[in-house]
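Some notes on the structure that comes next.
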Amino acid sequence: MSNELDALYQEIILDHYKHPHHQGLREPFEAEVHHVNPTCGDEVTLRVHVDDGVVTDVSYDAVGCSISQASTSVMADLVIGKPVAEAMGIHQEFLTLMQGKGTVVPDEDVLEDGIAFAGVAKFPARVKCALLSWMAWKDATTQAVPSDATASKEI
Amino acid sequence: MSNELDALYQEIILDHYKHPHHQGLREPFEAEVHHVNPTCGDEVTLRVHVDDGVVTDVSYDAVGCSISQASTSVMADLVIGKPVAEAMGIHQEFLTLMQGKGTVVPDEDVLEDGIAFAGVAKFPARVKCALLSWMAWKDATTQAVPSDATASKEI
Amino acid sequence: MDGLLPELDVIRKDFPILERTFDNGQPLVYLDSANTSQKPQVVIDTMVDHLERHNANISRAMHQLGAESTEAFEGARDKVATFIGAPDRDEVIFTKNATESLNLVANTLAWATGDLAVGEGDEVVITEMEHHSNIVPWQLLTQRKGATLRWFGLTEDGRLDLSNLDELINERTKVVSLTWVSNMLGTINPITQIARRAHEVGAIVVVDASQAVPQLPVDVAASGADLLAFTGHKVVGPTGIGVLWGKRAVLDQLPPFHGGGEMIETVRMDISTYAGIPHKFEAGTPPIIEAIGLGAAVDYLGHIGMEAVHAHEQAITGYALEGLATVPGLKVLGPLEARERGGAISFEVEGVHPHDIAQVLDSRGIAVRAGHHCAKPAHARFGVQSSTRMSSYLYTTPSEIDALVEGLEYTRSYFKLG
Amino acid sequence: MDGLLPELDVIRKDFPILERTFDNGQPLVYLDSANTSQKPQVVIDTMVDHLERHNANISRAMHQLGAESTEAFEGARDKVATFIGAPDRDEVIFTKNATESLNLVANTLAWATGDLAVGEGDEVVITEMEHHSNIVPWQLLTQRKGATLRWFGLTEDGRLDLSNLDELINERTKVVSLTWVSNMLGTINPITQIARRAHEVGAIVVVDASQAVPQLPVDVAASGADLLAFTGHKVVGPTGIGVLWGKRAVLDQLPPFHGGGEMIETVRMDISTYAGIPHKFEAGTPPIIEAIGLGAAVDYLGHIGMEAVHAHEQAITGYALEGLATVPGLKVLGPLEARERGGAISFEVEGVHPHDIAQVLDSRGIAVRAGHHCAKPAHARFGVQSSTRMSSYLYTTPSEIDALVEGLEYTRSYFKLG
Ligand SMILES: Cc1ncc(COP(=O)(O)O)c(C=O)c1O
Ligand SMILES: Cc1ncc(COP(=O)(O)O)c(C=O)c1O
């Protein structure tokens, strides 16, 4: 049973959980959103600062389990500094991994620490935890950026 | 299977069905009621004329199956001419017979042709048919007679 | 006989109750499937397996049993969505029966604001052949909101009288709600044509598909319906489960129905926010086992194929119409062509009341329905209080129809009709 | 240990799921009964027997199967009435779950006229420890009718703060709705005392007995409730069935809930009249199999005896409270005395999130619930987002509690807490 758990709770996840990156709410920002996981009550308030098409900052205040906290930290690492379109691509890649029920092999070049979440995809009840802040980020970024800008770049 | 049916469809019942007594709506009357069996839609409009504590007339217009039609006819035979309290007693006796699931032995002195309904008590779905007009009669009579009058006499 | 299901004997073996014989030795001849259908073993076994091995509450439970239960429940939603051609699985709302589905719509419309709101001067249109479950909710809505209830009348042969279609459905019409297949007359209504007119004037279309989903291949997206209701127990599924399908755009506009667990996003003492569809309309612990049973039921029907089920129903209905025509004094209420109707056939026999017919048939093991079949206005339209109704399904055999016709002959002789 | 059910091993054998082992070889330790209870074989078998031999629609069906089905369904109503001490069997309304029962009350009150009508200036009183299913319906009612929602706060040890009882329940109060036993804190509330005050000011009292009926001997007539709700799946019955009990005088005054089949007296196109209770509130084909399953469930519990079930729950709860007290950093939310609480125990463990606790326990086969347990306001009151909850039932053994406590120790070590 420990193996099972270890597949879920990778060291990387526990590290991010204990020492989350980019935590806190900062200025400036163009959009702030508040997302909750209705099932368990986990919450995140998240701000996005986009400057000249680049995700310049993601700041947040979040309450939740190790998976959701670590996922928020990894997400911030991954998207900060990236052009919006590229960041959206990473979001899509992470989404595909999470919805793959454990059958998708993650690409470390794209997802970096995010590959540690491959094990989460086998625990359907935890997928929502891992996705909470990614969904919040996408929502906020879509608000922060004029929609046709994102759309056209996404192609 | 014919035996089963014959227990239900006694000759007396079929006779009353084909030639119902006291049919039609007449004057005078103190109360008129309209009852329906919500399950099947059978209906009866029934009038009661009480004179000096005696059920002087019961007149009706009814749509329904053989059991409900025959029961109405037999009921009218039984209560017309009886003091209200005595008629209420007969009503109670018939009710007991119907609710007895076939275990109650009817008293021919009280129920006369009504004893033919003993077989109906074994068919739960038909008990409502047999009781429709009796319930209507009780309702109308209670309206026609000041309540304490009935109550005190019922003892 | 053309159109009968090829392996009817094998299909009958799937339904344990069909082996039932009564105390008097008579085998069951079940001709009351429009009232409720019988259940194949696979539906029963699926429910039992879940109860004995996987039972847990859903969504909220994160443990293994909870995950298994959630997967089975949401899997049933996928199956239903596929079965009725729903473009989006989240558009499938689980209710307790068709009646709740229809009331859900009428009740949320009562509190809706914006385009969907129903108020004074607005009209709701139904038909004279509706089941009470598609009449009373609209009476309550229109009475409470000061709107007007109107309805299509019926022609002598039991079809909708569409001669005043354009007047009846007009600029004031907010909702048109009608049955796809009548449970009393058997009539199949031209819902797509009526929906077209309704959409022209901006009304939403609610379809009561309680008798259609069991009998016809149903494609909700092509039907013209904005919202569509049916009930589990008539599609070889269990009781306690119904479905409301609706277009996302319409469902999103409606306010929540019941308040409680599962339908919320967040709750504070003073105010709450609500989840998206389907959960917004599924307050409380849903009928979990029942949804799972329904999933197995639509799988079963899907496996046989609804085209085949429909062909079987038409063959049996045609054979029954022929047989019934031989009974003296028998008059069918509704269309006389099998091709234009569903498998419920209501009729009168001169000189015997429907209860008495049903009683005699019952003594021979034949189960039919007698009464108003929850369609009093349609009965009133034809000047009768009640009727006798036989209704077949995929397990019905021609010899069961023969038994019915013989039973009716016997009934006439029992009641000494010439 | 005092109070345990004498033949616990035999009882456990009645529940097939308790023999379940998971893929990793761990046997199931089911400590999530406040979420949903497991089902004894007799409940499953009763449902299967009905489906395989007696299935038919009720009331409306007059044939033999219909008579059998109706008798079984109405027999279940008698059983439930006896089980909860209802003075009149017609006061027992079958719904789909407790949530529907509570919404039925709030929804019909929205359309009530006369004494029961709720409008501007009127107040509805609930408590901060309610399940969402007893919060959201009252928010919707008060918002829609312009009335005011008020609530009892909670004391630090998880009880109702009754210090402002007389102010909170006052001449403006129309409805007081509260839970008998909290599903999060385990608190047993003094409902009779509160009902007395409510009746002084002429308010009606609605009791959410979802956690009380499974655990306590319940006598509705003595409880002080005017209306009382519970849910089948928590009393070893199936999903898809709930109960609303109400005093006849109150139920008679309420307008109908959903419109449709079975709830009518007569229907015309323009207007309808309605049946008396219980049918007035049971539109459509009811959850027949589910009601019959619930009948078998309350028979099963009645046979064991609710005094004995309650004593067992108290013994296990006491043992669990002791065991949990040995886990470093663990804090129980709610009363700490087994005698004053039901069998749901929610707790926090410093340094580990409830999801992570539940996940580690699950890997050892132990099923508990993590989250807000549909009681967000009560969690907010104690400054937490979520908690872990263990909940026992009549089949729970002391060694399962030992497994939980060991599992919590293991969780702490897994997450490297000192
Ligand atoms: C106290 C309480 N009230 C109401 C409910 C709602 O019950 P259901 O989900 O069966 O409607 C529950 C259970 O979830 C409960 O514990
Ligand atoms: C046409 C039609 N509509 C609605 C219903 C109601 O279904 P239920 O009683 O399952 O809610 C029925 C069946 O009784 C029906 O035949």
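Chain letters run A, B, ... following the sequence lines, proteins first and then strands; every chain starts at 1. As a basis for the values below, the full set of heavy atoms in this structure was taken, side chains included, without hydrogen atoms, waters or symmetry mates.
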Item to complete: Answer with side chain, backbone, both or neither: which region of Leu149(C) has an atom nearer than 4.5 Å to a non-hydrogen atom of chain D?
Response: side chain
Practice prompt. Can you tell which part of Gln139(C) gets under 4.5 Å to a heavy atom of chain D, answering side chain, backbone, both or neither?
Written response: side chain
Worksheet item: Between the side chain of Ser133(C) and the main-chain N/O of Gly261(D), is any donor-acceptor distance below 3.5 Å?
Response: yes
Worksheet item: At a heavy-atom separation under 4.5 Å, does Pro286(C) approach chain D through its side chain, its backbone, both, or neither?
Response: backbone
Discussion item. Taking every non-hydrogen pair under 4.5 Å, which of Lys96(D), Arg20(D), Lys376(D) racks up the most with chain C?
Written reply: Arg20(D)
Worksheet item: Which region of Gln41(C), side chain (C-beta onward) or backbone (N, CA, C, O), has a non-hydrogen atom less than 4.5 Å from a non-hydrogen atom of chain D, or is it both or neither?
Response: side chain
Worksheet item: Where the side chain of Ser37(C) meets the backbone of Val236(C), is there a donor-acceptor pair that is under 3.5 Å apart?
Response: yes
Practice prompt. Among the options Ala106(C), Gly232(C), Gly240(C), pick out the one with the most heavy-atom pairs lying under 4.5 Å from chain D.
Written response: Gly240(C)
Discussion item. Need one label for Thr148(C): side chain, backbone, both or neither, based on atoms under 4.5 Å from any heavy atom in chain D.
Written reply: neither
Worksheet entry | Residue part contacting chain C, namely of Thr21(D), when any heavy atom lies under 4.5 Å | neither
Worksheet item: Side chain, backbone, both or neither: which part of Glu282(C) has a heavy atom under 4.5 Å from chain D?
Response: neither
Discussion item. Please classify the contact between Gln143(C) and chain D as side chain, backbone, both or neither, with a heavy-atom cut-off of under 4.5 Å.
Written reply: side chain
Worksheet entry | Toward chain D, the part of Ile135(C) with a non-hydrogen atom under 4.5 Å | side chain
Response to the item:
Across all chains, not counting sequence neighbours, the side-chain contact (heavy atoms from CB on, under 4.5 Å) partners of His373(D) are Asn183(D), Met184(D), Ser346(D), Arg369(D), His379(D), Ser387(D), Arg389(D)
Worksheet item: In terms of heavy-atom proximity below 4.5 Å to chain D, should Ala283(C) be classed as side chain, backbone, both, or neither?
Response: both
Practice prompt. Taking Ser69(C) for its side chain and Leu65(C) for its backbone only, find out whether a donor-acceptor pair lies under 3.5 Å.
Written response: no
Worksheet item: With chain D, which of Trp151(C), Phe15(C), Tyr30(C), Trp111(C) has the greatest number of heavy-atom pairs at distances under 4.5 Å?
Response: Trp111(C)
Worksheet item: Do the non-hydrogen side-chain atoms of Phe257(C) and Thr95(C) ever get within less than 4.5 Å of each other?
Response: no
Item to complete: For chain D, find which of Arg268(C), Lys39(C), Arg144(C) contributes the most heavy-atom pairs closer than 4.5 angstrom.
Response: Arg144(C)
Discussion item. With a sphere of 6.0 Å drawn around CG of Asp270(C), does it hold more than 12 non-hydrogen atoms of other residues, nucleotides or ligands?
Written reply: yes
Item to complete: Identify which part of Leu140(D) has an atom lying under 4.5 Å from any heavy atom of chain C, answering side chain, backbone, both or neither.
Response: side chain
Discussion item. If you count heavy-atom pairs within less than 4.5 Å of chain C, which of Asp362(D), Ile271(D), Thr266(D), Ile366(D) leads?
Written reply: Asp362(D)
Worksheet entry | Pair Ser210(D), Lys234(D): side-chain N/O donor-acceptor within cut-off below 3.5 Å | no
Item to complete: Determine the option with the most heavy-atom pairs under 4.5 angstrom with chain C, choosing from Val136(D), Thr231(D), Leu361(D).
Response: Val136(D)
Fill in: Residue Ile241(C) versus chain D: region with a heavy atom under 4.5 Å
neither
Worksheet item: Can you find a heavy atom in the side chain of Gln385(D) that is under 4.5 Å from one in the side chain of His353(D)?
Response: no
Practice prompt. Between chain D and each of Met263(C), Glu19(C), His54(C), count heavy-atom pairs under 4.5 Å; write down the option with the most.
Written response: His54(C)
Discussion item. Counting only non-hydrogen atoms closer than 4.5 Å, does Asn55(C) touch chain D with its backbone (N, CA, C, O), its side chain (CB onward), both, or neither?
Written reply: both
Discussion item. Using side-chain heavy atoms (C-beta onward) and a distance below 4.5 Å, is Leu294(D) in contact with Glu290(D)?
Written reply: no
Item to complete: Return yes if some donor-acceptor pair links the side-chain N/O of Ser391(C) with the main-chain N/O of Ser33(C) below 3.5 Å, else return no.
Response: yes
Practice prompt. Let me see the working for Arg53(C) and Glu68(C) under side-chain contact (heavy atoms from CB on, under 4.5 Å), right down to the final yes or no.
Written response: CA-CA 10 Å; Arg53(C) 294 183 41 80; Glu68(C) 290 167 10; over 6 Å; no
Discussion item. Under 3.5 Å, is there a donor on one side chain and an acceptor on the other for Thr285(C) and His233(D)?
Written reply: yes
Discussion item. Pairing donors with acceptors under 3.5 angstrom, does anything connect the side chains of Ser177(D) and Asn134(D)?
Written reply: yes
Worksheet entry | Check: Phe73(D) ring centroid to His279(D) ring centroid under 6.0 Å | no
Worksheet, complete the sentence: In short, Ala72(D) meets His50(D) closest at the heavy-atom pair CB-CE1, 3.9 Å
Practice prompt. Below 4.5 Å from any heavy atom of chain D, which atoms of Ala367(C) appear? Answer side chain, backbone, both or neither.
Written response: both
Worksheet item: Looking only at side chains, do His63(C) and Asp32(D) share a donor and an acceptor under 3.5 Å apart?
Response: yes
Worksheet item: Heavy-atom distance under 4.5 Å to chain D: side chain of Ala110(C), backbone, both or neither?
Response: side chain
Worksheet entry | chain C interface, residue from Ala380(D), Ser272(D), Ala291(D) that has the most non-hydrogen pairs under 4.5 Å | Ser272(D)
Fill in: Donor-acceptor contact below 3.5 Å, side chain Glu128(D) vs main chain Met269(C)
no
Worksheet entry | Largest heavy-atom contact set with chain D, pairs under 4.5 Å, which of Arg150(C), Gln359(C), His355(C), Glu130(C) | His355(C)
Worksheet entry | Close approach to chain C in residues 98-105 of chain D, criterion heavy atom under 4.5 Å | Thr99(D), Glu100(D), Asn103(D)
